Amino acid sequence: MAGIVEQWSAAENGNANMTAKGSSRELRHGGRTAHNMSSSSLRKKSDIRVIQKVPYKGLKDFLSNLQEVILGTKLAILFPAIPAAIIGTYCGFSQPWIFGLSMLGLTPLAERVSFLTEQLAFYTGPTLGGLLNATCGNATELIIAILALTNNKVAVVKYSLLGSILSNLLLVLGTSLFCGGIANLRREQRFDRKQADVNFFLLLMGLLCHLLPMLFGYVANGETPAGLIADMSLNLSRASSIVMLIAYIAYLVFQLWTHRQLFDAQDEDDEYDDNVAEEETAVISFWSGFAWLVGMTLVIALLSEYVVATIENASESWGLSVSFISIILLPIVGNAAEHAGAIIFAFKNKLDISLGVALGSATQIGLFVVPLTVIVAWILGINMDLNFNLLETGSLALSIIITAFTLQDGTSHYMKGLVLLLCYIIIAICFFVDKLPQKQPNAIHLGHQPMNNVAAAMGEGVFSS
């Protein structure tokens with residue numbers, strides 16, 4: 001292993017005298033983000049001694065990849081839900097069952113995508129690996145959003161993306177701070193505020209882009225044509241989406257190039273990790289990893305199509321509103337893997353990783369996935385704006401503000417996590433009891449007469465179920 005480290009150091013830095021400790025650390029974290037590190041806590045060591053006895057190299061390589069990719073996670077027990085959902089579709093299972101099985105199947109797939117992007121990062125280098133992870137980090141949410149758009153279910157898109165942000169800010173972060181505080185009662189937990197500050201700046205900018213289209217309904221008087229207000233909101237949303245994507249690109253440059261040290265705050269803890277040597281090399285080849293990544297992305301797309309197609313039937317069968325399922329249930333199940341990883345690292349007093357997962361994912365969805373879906377809808381000829389309605393936007397604004405105040409001093413204890421969890425429970429109850437019709441959210445939640453006309457002008461296609 002030392003030879004590999006020395007060769008890598010000489011090739012990347014031109015310095016043959018670089019210490020093995022420093023180079024192994026850079027190699028180990030090349031392209032790895034908090035999402036990767038949190039997901040790694042759910043992986044288990046594969047025993048391939050039996051596979052090594054297979055005489056045929058091609059078969060041996062395939063079985064080895066199968067062992068690492070499919071059985072190399074503690075969530076492998078959920079993989080049977082994938083064929084069950086597919087078989088159920090063709091065997092006439094009820095749609096709520098297909099919805100539930102598809103959601104269970106998406107859970108290990110999301111974690112395996114993170115694993116595969118990390119494996120590819122060993123071959124592509126830290127920068128390209130970081131870009132790959134930034135693109136695939138929330139692949140499940142992005143695929144579900146695009147498929148819902150193609151089915152003209154804009155309300156489901158908005159609800160699911162909003163729910164992902166809320167769950168990361170309140171549920172994941174709150175559970176991490178609470179569990180970490182309980183596990184470390186006798187010592188104060190500290191984290192680096194600099195990374196959190198950057199994420200909150202971006203989240204507040206994204207919040208501004210959501211507020212302004214919604215406020216058009218308030219500044220307009222009763223004589224303003226509804227179609228004009230709708231066009232203003234839509235045009236502003238599309239322009240704001242372009243600005244948000246530019247901000248996200250700048251964030252990637254900031255994270256991966258100019259201020260990368262802010263996002264590697266946990267490196268010093270890794271020198272006490274007994275599994276360092278095992279994490280320094282890739283366990284599958286580049287092309288195998290690429291093929292598995294493409295295959296799993298296709299499976300995610302298939303299951304996401306099932307989720308989008310059956311969500312209304314599941315809503316009716318379970319007696320739950322589509323907004324509750326989209327905002328609360330979808331994010332919890334879809335991101336369960338990285339959420340569990342964030343909590344595990346909080347138990348280990350590594351809050352920087354937990355914050356990187358929660359805030360990084362919220363920022364990625366708010367500044368990348370949301371505006372990208374608006375642009376995709378624009379290309380598809382669908383009128384999707386950034387107006388998430390008063391109730392939803394208010395929940396987002398208060399969540400960002402409460403979380404920012406919680407993290408302002410760079411320290412943590414279990415009471416902070418408990419407050420965030422209780423806030424999430426209150427929001428969940430709010431959407432649980434919300435039985436208002438989905439097709440006219442603007443008119444209902446805003447309670448402002450001009451917005452009633454706006455909803456009608458934009459048509460049922462924008463908020464169709």
Side-chain angles (χ1 to χ4, degrees), residues 27-44 46 48 51 58 60-76 78-83 85-86 102-147 164 252 256 279-307 334-338 341 357 360-361 364-365 368-369 372 376:
L27 179 61
R28 189 168 65 253
H29 291 285
R32 298 189 73 188
T33 64
H35 294 80
N36 295 109
M37 299 178 71
S38 68
S39 296
S40 66
S41 61
L42 296 175
R43 297 168 195 165
K44 59 182 181 181
S46 300
I48 59 175
I51 297 176
K60 181 169 64 177
D61 292 342
F62 173 76
L63 293 176
S64 178
N65 287 339
L66 196 66
Q67 173 79 16
E68 295 289 351
V69 177
I70 302 299
L71 302 179
T73 174
K74 299 175 183 177
L75 299 175
L78 297 179
F79 273 118
I82 299 175
I86 298 174
S102 299
M103 289 303 304
L104 289 177
L106 287 172
T107 302
L109 288 175
E111 189 274 333
R112 291 289 84 186
V113 167
S114 176
F115 164 75
L116 291 170
T117 56
E118 180 182 350
Q119 291 297 304
L120 294 180
F122 282 104
Y123 302 98
T124 61
T127 300
L128 189 56
L131 289 173
L132 182 63
N133 179 264
T135 304
C136 301
N138 293 99
T140 303
E141 291 90 341
L142 181 59
I143 293 173
I144 291 178
I146 293 177
L147 289 175
S164 294
L252 290 181
L256 300 176
E279 296 181 353
E280 287 179 344
T281 58
V283 295
I284 59 177
S285 66
F286 174 82
W287 289 111
S288 295
F290 181 78
W292 278 105
L293 182 61
V294 172
M296 288 199 169
T297 302
L298 294 176
V299 177
I300 289 176
L302 178 63
L303 295 183
S304 299
E305 177 65 29
Y306 293 164
V307 168
N335 296 322
E338 70 176 23
V357 172
S361 183
Q364 187 178 61
I365 294 171
F368 174 66
V369 180
L372 184 61
V376 172

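Keep in mind the model is a prediction, meaning the values are calculated, not measured.
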Might you work through the side chain to side chain contact (heavy atoms under 4.5 Å, CB included) test for Phe115 and Thr73, ending with a clear yes or no? CA-CA 9 Å; Phe115 164 75; Thr73 174; over 6 Å; no
Taking every heavy atom of Tyr306 against every heavy atom of Ser102, the minimum-distance pair comes out as CB-OG, 3.3 Å
Minimal heavy-atom distance between Ser164 and Ile365, with the atoms involved, is CB-CD1, 3.2 Å
How many angstroms lie between [atom1] in [X] and [atom2] in [Y], if you round to the nearest 0.5 Å?
X: Leu147; Y: Leu142; atom1: CG; atom2: CG; result: 9.5 Å
X: Ile86; Y: Ile82; atom1: CD1; atom2: CD1; result: 7.5 Å
X: Leu109; Y: Leu78; atom1: CG; atom2: CG; result: 10.0 Å
X: Thr140; Y: Met103; atom1: OG1; atom2: CE; result: 8.5 Å
X: Phe79; Y: Thr107; atom1: CZ; atom2: OG1; result: 10.5 Å

Which pairs of donor and acceptor atoms, one on a side chain in residues 287-300, lie under 3.5 Å apart (sequence neighbours left out)?
residue, atom, partner, partner atom, Å
Ser288, OG, Asn65, ND2, 3.2
Ser288, OG, Ser285, OG, 2.8
Thr297, OG1, Leu293, O, 2.7

Pairwise side-chain contact, Val69 with Leu116, heavy-atom cut-off 4.5 Å (strictly under): yes
